[in-house]
There are 2 protein chains.
Amino acid sequence: MADGPTITTIAERAGVSIASVSRVLNGLPTRQETVRKVMAAADELGYVRNAVARSLKSRRTHQVAFAMADVGNPAYLAMLRQIQPVLKAAGYRLVLHSTDAVVADEIDVLHSLGERYVDGLIMSPLRVTDAHLQMLAAARAPVVIIGTVPEGTPVDNVRADSRTGVRLAVDHLHSLGRRRIALVNGPPDTWPGASRGAAYREALEQLGLPYDDDLVQIGDFYRAQGGRAVAELLERAPDVDALMCANDLIALGALDVLRAAGRRVPDDVAVVGMDDTDLAAASWPSLSSVSLGSAERGKAAAELLLDRLNGDDAAPRVITVPPRLVVRASTAGETYGHEGGRT
Amino acid sequence: MADGPTITTIAERAGVSIASVSRVLNGLPTRQETVRKVMAAADELGYVRNAVARSLKSRRTHQVAFAMADVGNPAYLAMLRQIQPVLKAAGYRLVLHSTDAVVADEIDVLHSLGERYVDGLIMSPLRVTDAHLQMLAAARAPVVIIGTVPEGTPVDNVRADSRTGVRLAVDHLHSLGRRRIALVNGPPDTWPGASRGAAYREALEQLGLPYDDDLVQIGDFYRAQGGRAVAELLERAPDVDALMCANDLIALGALDVLRAAGRRVPDDVAVVGMDDTDLAAASWPSLSSVSLGSAERGKAAAELLLDRLNGDDAAPRVITVPPRLVVRASTAGETYGHEGGRT
DNA sequence: TTGTAAGCGTTATCAG
DNA sequence: CTGATAACGCTTACAA
């Protein structure tokens, strides 16, 4: 692993100045003869431009960071899958940060923007605290937030609309004739938990359905907890005929427990998940799920950021990606549970 | 977005030289008074070290790249999930490359190592070509390959053992009394396809089972194709009683088709997948699957690379991660298909 | 203990 | 068209 050649090495070899080497390498007008000599020397030495030195001079790293709460979460991965190709096509490298759902880590990432190792940042925070807002106001590089920031925050912002999402699901269940529609939610002190809880209440109201405390069960955003929550719910409200689950994992847990309890899905109980992850299509019965557009949000965020990197300095933009209900077997399909499968 | 302060700005403000600023910032012995002045100035100005300038001087970027074929593939994501925290804990940033299953892109990544924007690379190539080997020999930074490289290649290497993996699965099916065990494979011109095909044949031989062409069906590594392949297989060999699927997606497709055909799983046909992705646990019936240790391989690779980054220059190491059969309902569990769930 | 100055590898300005 | 030369922001001898 000998020390790599630099333009100085090439200059010596080609018998020209480093300035000429640089010019040739950058395609600036140069005499043919010089070009040939430099190219030959570069080839022989296996020269590769030093990105760090370039960045120092040009003040551009051609890197963009994406900060998410958790590399394991399929919703973030859906964003990542969209962000990556967009950035790649534009010639940017992707630096990945996983903040482990720790606010301090997010602030840290924002702070590290000052180190100038990236040209911009896409961040999907759990919730936006005052500390976030402060750092954002002082950010030394363009930032796009995937999530919801307060009105007037001077930052590009791509939002989901989980309120409408919940309503889509509840309306769907209602249109299937369900009237005892339960909510299996995550912790209400998280942004998703809180907003989905409120949206559920609102949706019932619009439909003229009564709100019943017994029909709301709180667990956590994981499969096992979701299952446990549903088990309790079945005790308390045995007449439940539909479950609105705050994410797909909870819904999967619900399917487990319903199956064990001998309730048929969707005949006895219809189930809707949220996020429309890969798991929804994989489960059986396949899971109806509300997509909050993770993929679209990722793409939009990447494109917004690229605009900024290209010098766009218009006022901050807010994009809201509409939710979409994906209907599958858990609310509309055939039932498992009696005779062997048909068709 | 005013231009950020540099050590020069601070030096002026504090009335000291840039050398003193640098010393204070790096915790080198300095007079208390000077420390105070510098810290105060740095605080007031909101100074943050410029990572690029640092890197140029120190020849260390504190970045590591991970190159995978496809950000969408759960097996790579399992690696990523392990790699990320290991690197983070060691103070490295993660640069992600998705090569879209294009060999030229992989070579490109290897080449770009010369740009010195990272201190090292973890790569999981589709297959290792001569071009790879050439670049690896000339690599200007430590590289760890997840996959199999030829004996004697001067590169750290973390391998899976899909041969043993296939045997575990076939043995398992055999021990359940299955004798008509089919293989649903991906394309044989890929490394996984080829090795799994050979391993299947070998496993049958060891068990004294005859090899039957009708029991081998080739499709692609996706759900729909897997399903189609199984449909054909059922026509050709209706007496099949077990399916060894070359990955989980194929196995999911198999479940779809078996259900549609009225075959009970596992009673009529047992199914084993491979890779043990999240989908295996999510499906119903849950899918027995051979884990090739993606997570462990990722972790091992990251640790190997860190050793190198810490100056370890011992001979290249080869680590082989043993496969593990995870038994779930599709080979051992209860059946769906007659009465509603019990338990 | 502190300051001066020489790089790290590029790009870009300015005379020649 | 080309060659010195000065940055970019930082670290680190070497002197003072």
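Here is how names work: the chains are called A, B, and so on, in the same order as the sequence lines, proteins then strands, and each is numbered from 1. In this text the structure is predicted, and so the values were computed from the model without any measurement.
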### Message
Within this structure, what is the CE-CD distance for the pair M39(A) and E44(A), rounded to the nearest 0.5 Å?
### Response
13.0 Å
### Task
Give the rounded distance in Å between these two atoms: CD1 of I7(B) and P of dC8(D).
12 Å
### Query
When all nucleic acid strands are considered with a 4.0 Å heavy-atom cut-off, which category describes S22(B): base, sugar-phosphate, or nothing?
base
### Message
Over all strands shown, is T34(A) touching base, sugar-phosphate only, or nothing at heavy-atom distances under 4.0 angstrom?
### Response
sugar-phosphate
### Query
The side chain of A19(A) lies closest to which of these nucleotides: dA7(D), dA4(D), dC10(D)?
dA4(D)
#### Entry: Rounded distance [0.5 Å steps], CE in M79(A) versus CZ in F66(A)
6.0 Å
#### Entry: Atom-to-atom span, NZ of K37(A) to P of dC1(D) - whole angstrom
15 Å
### Task
Report yes if at least one side-chain N or O of N50(A) is closer than 4.0 Å to OP1 or OP2 of dC8(C); otherwise report no.
no
### Task
Could you tell me the separation between the CZ atom of R116(A) and the C1' atom of dG9(D), rounded to a whole number of Å?
12 Å
### Query
Does a sphere of radius 6.0 Å around CZ in R127(B) hold more than 12 heavy atoms from other residues, nucleotides or ligands, not counting ones at 6.0 Å or beyond?
no
### Residue T30(B), side-chain heavy atoms: nucleotide from dT2(C), dA4(D), dG3(C) that is nearest
dT2(C)
### Query
At under 4.0 Å, does any side-chain N or O of R49(B) touch on OP1 or OP2 of dG9(D)?
no
### Nearest-Å distance for atom pair CZ/C1', residues R31(B) and dG3(C)
13 Å
### Message
Under 4.0 Å, counting only non-hydrogen atoms across every strand here, what does V16(A) touch: a base, just sugar-phosphate, or nothing?
### Response
sugar-phosphate
### Task
Report yes if at least one side-chain N or O of Y47(A) is closer than 4.0 Å to OP1 or OP2 of dT10(C); otherwise report no.
yes
### Query
Which listed nucleotide (dT11(C), dA12(C), dT11(D)) is nearest to the side chain of N26(B)?
dT11(D)
### Task
Under 4.0 Å between any heavy atoms, over every strand shown, what does I18(A) touch: base, sugar-phosphate, or nothing? Just pick one.
base
### Task
Quickly work out the R36(B) CZ to dT1(C) P distance and round it to whole Å.
15 Å
### Query
Roughly how many Å is it from CG in L56(B) to P in dA7(D), rounded to a whole number?
17 Å
### Message
What is the separation between atom CZ on R23(B) and atom C1' on dA5(C), rounded to the nearest whole Å?
### Response
12 Å
### Query
In whole Å, what is the span from the CZ atom of R60(A) to the C1' atom of dG9(C)?
20 Å
### Message
Does dG3(D) have its OP1 or OP2 closer than 4.0 Å to a side-chain nitrogen or oxygen of S17(A)?
### Response
yes
### Query
Counting only heavy atoms not in E33(A), do more than 12 fall under 6.0 Å of its CD?
yes
### Message
Distance criterion of 3.5 Å, no angle test: do you see the side chain of K57(A) paired donor-to-acceptor with the base of dA7(D)?
### Response
yes
### Task
Would you kindly say whether N310(A) and R308(A) are connected by a side-chain donor-acceptor distance under 3.5 Å?
no
